[in-house]
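Worksheet for the structure shown next.
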Amino acid sequence: MKYLFKSKKLDTTFKAMYIAIFVILIVMPIIIYIAEKEIVPFIILELLFGSILYIFFLANYYLRIIIDGNYLIIKIIFVLFRADISKITKIRKGETMWSGFHKYSTTAKGLIIFTKYKDDLYITPENEEDFLKKILEINPNIIIEKI
(Lines give C-alpha, C1' and ligand atoms only; values in the text may rest on other atoms or scores of the structure.)
Protein backbone atom coordinates (compact mmCIF):
# COMPACT_ATOMS: atom_id res chain seq x y z
CA MET A 1 0.00 0.00 0.00
CA LYS A 2 1.25 3.49 -0.83
CA TYR A 3 0.50 6.56 1.30
CA LEU A 4 1.39 10.13 0.35
CA PHE A 5 1.94 12.94 2.85
CA LYS A 6 2.66 16.54 1.94
CA SER A 7 5.17 18.55 3.90
CA LYS A 8 3.98 21.57 5.88
CA LYS A 9 4.24 24.90 4.08
CA LEU A 10 6.67 27.66 4.98
CA ASP A 11 6.51 29.08 8.47
CA THR A 12 7.71 32.54 9.50
CA THR A 13 11.28 31.39 10.19
CA PHE A 14 11.69 29.94 6.72
CA LYS A 15 9.85 32.84 5.07
CA ALA A 16 12.35 35.27 6.61
CA MET A 17 15.27 33.08 5.48
CA TYR A 18 13.86 32.77 1.94
CA ILE A 19 13.30 36.53 1.65
CA ALA A 20 16.84 37.26 2.87
CA ILE A 21 18.34 34.70 0.48
CA PHE A 22 16.20 35.99 -2.39
CA VAL A 23 17.31 39.59 -1.83
CA ILE A 24 20.98 38.60 -1.55
CA LEU A 25 20.87 36.36 -4.63
CA ILE A 26 19.17 38.97 -6.78
CA VAL A 27 21.00 42.08 -5.57
CA MET A 28 24.54 40.67 -5.47
CA PRO A 29 24.86 40.04 -9.25
CA ILE A 30 23.40 43.48 -9.96
CA ILE A 31 26.03 45.11 -7.73
CA ILE A 32 28.75 43.09 -9.45
CA TYR A 33 27.41 44.12 -12.87
CA ILE A 34 27.36 47.80 -11.91
CA ALA A 35 30.92 47.62 -10.51
CA GLU A 36 32.49 45.53 -13.27
CA LYS A 37 30.38 46.50 -16.32
CA GLU A 38 30.72 42.89 -17.51
CA ILE A 39 27.62 41.03 -18.67
CA VAL A 40 29.06 37.46 -18.64
CA PRO A 41 29.64 37.20 -14.86
CA PHE A 42 26.22 38.79 -14.33
CA ILE A 43 24.50 36.19 -16.53
CA ILE A 44 26.40 33.29 -14.93
CA LEU A 45 25.58 34.45 -11.40
CA GLU A 46 21.91 35.08 -12.23
CA LEU A 47 21.59 31.58 -13.76
CA LEU A 48 23.30 30.01 -10.75
CA PHE A 49 21.24 31.96 -8.22
CA GLY A 50 18.06 31.44 -10.21
CA SER A 51 18.69 27.68 -10.02
CA ILE A 52 19.10 27.91 -6.24
CA LEU A 53 15.82 29.82 -5.92
CA TYR A 54 14.11 27.21 -8.13
CA ILE A 55 15.31 24.44 -5.80
CA PHE A 56 13.87 26.38 -2.83
CA PHE A 57 10.56 26.62 -4.69
CA LEU A 58 10.54 22.89 -5.43
CA ALA A 59 11.36 22.06 -1.80
CA ASN A 60 8.42 24.12 -0.59
CA TYR A 61 5.74 23.02 -3.03
CA TYR A 62 6.69 19.54 -4.24
CA LEU A 63 8.31 17.80 -1.26
CA ARG A 64 6.46 14.55 -0.64
CA ILE A 65 6.74 12.03 2.17
CA ILE A 66 5.73 8.59 0.91
CA ILE A 67 5.16 5.34 2.74
CA ASP A 68 5.45 2.65 0.09
CA GLY A 69 5.18 -0.86 1.47
CA ASN A 70 7.91 -1.14 4.09
CA TYR A 71 9.82 1.99 2.99
CA LEU A 72 9.71 5.63 3.95
CA ILE A 73 10.62 7.74 0.92
CA ILE A 74 11.30 11.48 0.71
CA LYS A 75 10.89 12.80 -2.81
CA ILE A 76 10.82 16.11 -4.68
CA ILE A 77 11.22 15.17 -8.33
CA PHE A 78 13.55 12.28 -7.60
CA VAL A 79 14.09 10.24 -4.43
CA LEU A 80 16.15 12.15 -1.86
CA PHE A 81 15.99 9.66 0.99
CA ARG A 82 14.81 6.08 1.48
CA ALA A 83 14.63 4.20 4.78
CA ASP A 84 13.35 0.78 5.70
CA ILE A 85 10.56 1.32 8.26
CA SER A 86 11.53 -1.87 10.07
CA LYS A 87 14.91 -0.21 10.86
CA ILE A 88 13.28 2.83 12.51
CA THR A 89 13.83 2.72 16.26
CA LYS A 90 12.38 5.98 17.54
CA ILE A 91 10.46 9.07 16.42
CA ARG A 92 10.70 12.29 18.40
CA LYS A 93 7.89 14.86 18.05
CA GLY A 94 8.37 18.61 18.41
CA GLU A 95 11.99 18.75 17.28
CA THR A 96 13.55 21.87 15.84
CA MET A 97 14.79 22.20 12.28
CA TRP A 98 18.37 22.04 13.56
CA SER A 99 18.02 18.35 14.45
CA GLY A 100 18.74 15.33 12.32
CA PHE A 101 21.31 14.51 9.66
CA HIS A 102 18.95 14.58 6.67
CA LYS A 103 16.73 17.68 6.74
CA TYR A 104 13.80 17.74 4.35
CA SER A 105 11.43 20.32 5.73
CA THR A 106 10.26 23.89 5.40
CA THR A 107 9.05 24.48 8.97
CA ALA A 108 10.67 24.70 12.37
CA LYS A 109 8.79 22.07 14.41
CA GLY A 110 8.56 18.49 13.19
CA LEU A 111 9.58 14.88 13.59
CA ILE A 112 13.04 13.44 13.83
CA ILE A 113 13.21 9.80 12.84
CA PHE A 114 16.01 7.67 14.27
CA THR A 115 17.14 4.48 12.54
CA LYS A 116 19.56 1.71 13.41
CA TYR A 117 22.05 3.15 10.89
CA LYS A 118 22.35 6.58 12.60
CA ASP A 119 21.01 8.39 9.51
CA ASP A 120 18.53 10.58 11.36
CA LEU A 121 15.79 12.20 9.28
CA TYR A 122 13.97 15.46 10.00
CA ILE A 123 10.55 15.90 8.34
CA THR A 124 7.32 17.82 8.90
CA PRO A 125 4.30 16.04 7.46
CA GLU A 126 1.12 18.15 7.33
CA ASN A 127 -0.79 15.58 9.33
CA GLU A 128 1.63 14.15 11.89
CA GLU A 129 -0.95 11.95 13.61
CA ASP A 130 -1.94 10.13 10.40
CA PHE A 131 1.71 9.75 9.48
CA LEU A 132 2.60 8.26 12.87
CA LYS A 133 -0.43 5.97 12.75
CA LYS A 134 0.64 4.54 9.37
CA ILE A 135 4.26 4.11 10.48
CA LEU A 136 3.17 2.33 13.68
CA GLU A 137 0.93 -0.01 11.68
CA ILE A 138 4.01 -1.19 9.79
CA ASN A 139 6.42 -1.19 12.75
CA PRO A 140 4.66 -1.18 16.14
CA ASN A 141 8.04 -1.37 17.96
CA ILE A 142 8.84 2.28 17.22
CA ILE A 143 9.14 4.43 20.34
CA ILE A 144 7.35 7.80 20.10
CA GLU A 145 8.89 10.58 22.23
CA LYS A 146 7.35 14.00 22.79
CA ILE A 147 9.34 17.10 23.67
Side-chain angles (χ1 to χ4, degrees), residues 1-85 87-135 138 142 144-147:
M1 193 60 109
K2 193 173 193 174
Y3 300 98
L4 176 71
F5 298 91
K6 293 181 180 179
S7 186
K8 291 178 185 174
K9 297 299 178 213
L10 288 174
D11 65 2
T12 54
T13 305
F14 273 85
K15 282 180 186 175
M17 286 181 3
Y18 277 24
I19 289 169
I21 290 170
F22 179 76
V23 168
I24 290 168
L25 295 182
I26 296 301
V27 171
M28 197 166 80
I30 294 170
I31 292 170
I32 291 171
Y33 175 71
I34 291 170
E36 298 291 327
K37 300 289 186 211
E38 292 287 329
I39 194 75
V40 174
F42 173 75
I43 291 172
I44 291 171
L45 284 174
E46 283 299 334
L47 287 173
L48 176 67
F49 294 159
S51 300
I52 292 170
L53 291 173
Y54 181 67
I55 291 169
F56 286 159
F57 172 79
L58 286 176
N60 187 45
Y61 291 102
Y62 293 104
L63 183 69
R64 300 292 182 257
I65 302 162
I66 302 166
I67 297 175
D68 188 5
N70 201 35
Y71 287 94
L72 173 63
I73 300 167
I74 308 301
K75 181 177 183 178
I76 293 181
I77 293 173
F78 52 88
V79 174
L80 299 171
F81 183 84
R82 176 185 295 250
D84 187 346
I85 294 173
K87 305 293 184 204
I88 295 174
T89 57
K90 178 172 59 171
I91 297 176
R92 189 177 300 152
K93 293 176 69 171
E95 275 289 348
T96 66
M97 65 184 159
W98 311 114
S99 303
F101 184 72
H102 299 279
K103 296 171 176 68
Y104 303 111
S105 173
T106 54
T107 59
K109 293 282 184 181
L111 304 173
I112 185 163
I113 298 173
F114 298 91
T115 66
K116 292 180 181 178
Y117 302 115
K118 306 291 186 217
D119 53 347
D120 302 341
L121 170 67
Y122 176 74
I123 57 173
T124 55
E126 275 184 340
N127 193 333
E128 284 184 6
E129 295 307 317
D130 283 348
F131 175 78
L132 291 172
K133 190 168 113 179
K134 295 295 180 198
I135 288 282
I138 296 168
I142 296 174
I144 306 294
E145 289 181 354
K146 295 179 184 177
I147 290 184

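Within the 3.5 Å criterion, the main-chain N or O of G110 finds a donor-acceptor partner in the side chain of Y122.
Among all heavy-atom pairs drawn from T89 and K116, the shortest one is CG2-CG, 3.6 Å. What you find for S7 and E126 is that their closest heavy atoms are O-CG, 3.7 Å. Residues T115 and D120 approach most closely at N-OD1, 4.3 Å, considering heavy atoms. For the residue pair E46 and I26, the shortest heavy atom distance occurs at OE2-O, 3.5 Å. The nearest pair of heavy atoms linking I65 to T124 is CD1-C, 4.3 Å.
When side chains are defined from C-beta on, I123 counts as touching F131, because their heavy atoms get closer than 4.5 Å. L121 has its side chain within reach of L72: a pair of non-hydrogen atoms, C-beta onward, lies under 4.5 Å apart. Within the 4.5 Å cutoff, the side chain of I88 has no heavy atoms near those of the I138 side chain.
Around atom CZ of F49, more than 12 heavy atoms belonging to other residues, nucleotides or ligands sit under 6.0 Å away.
The line from CD1 of I39 to CD1 of I44 is 11.0 Å long, rounded to the nearest 0.5 Å. Taking CG from L111 and CD1 from I135, the interatomic distance works out to 9.5 Å, rounded to the nearest 0.5 Å.
Y62 pairs by the ring-ring contact (aromatic ring centres under 6.0 Å, His included) definition with nothing, not counting sequence neighbours. Under the rule for a salt bridge (charged side-chain N to carboxylate O under 4.0 Å, His left out), K87 has no partner lying at least two apart in sequence or in another chain.
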Original post:
What's the verdict on salt bridge (Lys or Arg N to Asp or Glu O under 4.0 Å) for E128 and K109, showing C-alpha distance, side-chain angles and the deciding distance?
Top reply: CA-CA 11 Å; E128 284 184 6; K109 293 282 184 181; over 6 Å; no

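A side-chain contact (heavy atoms from CB on, under 4.5 Å) with K75 is found for exactly one of D68, L4, I66, namely I66.
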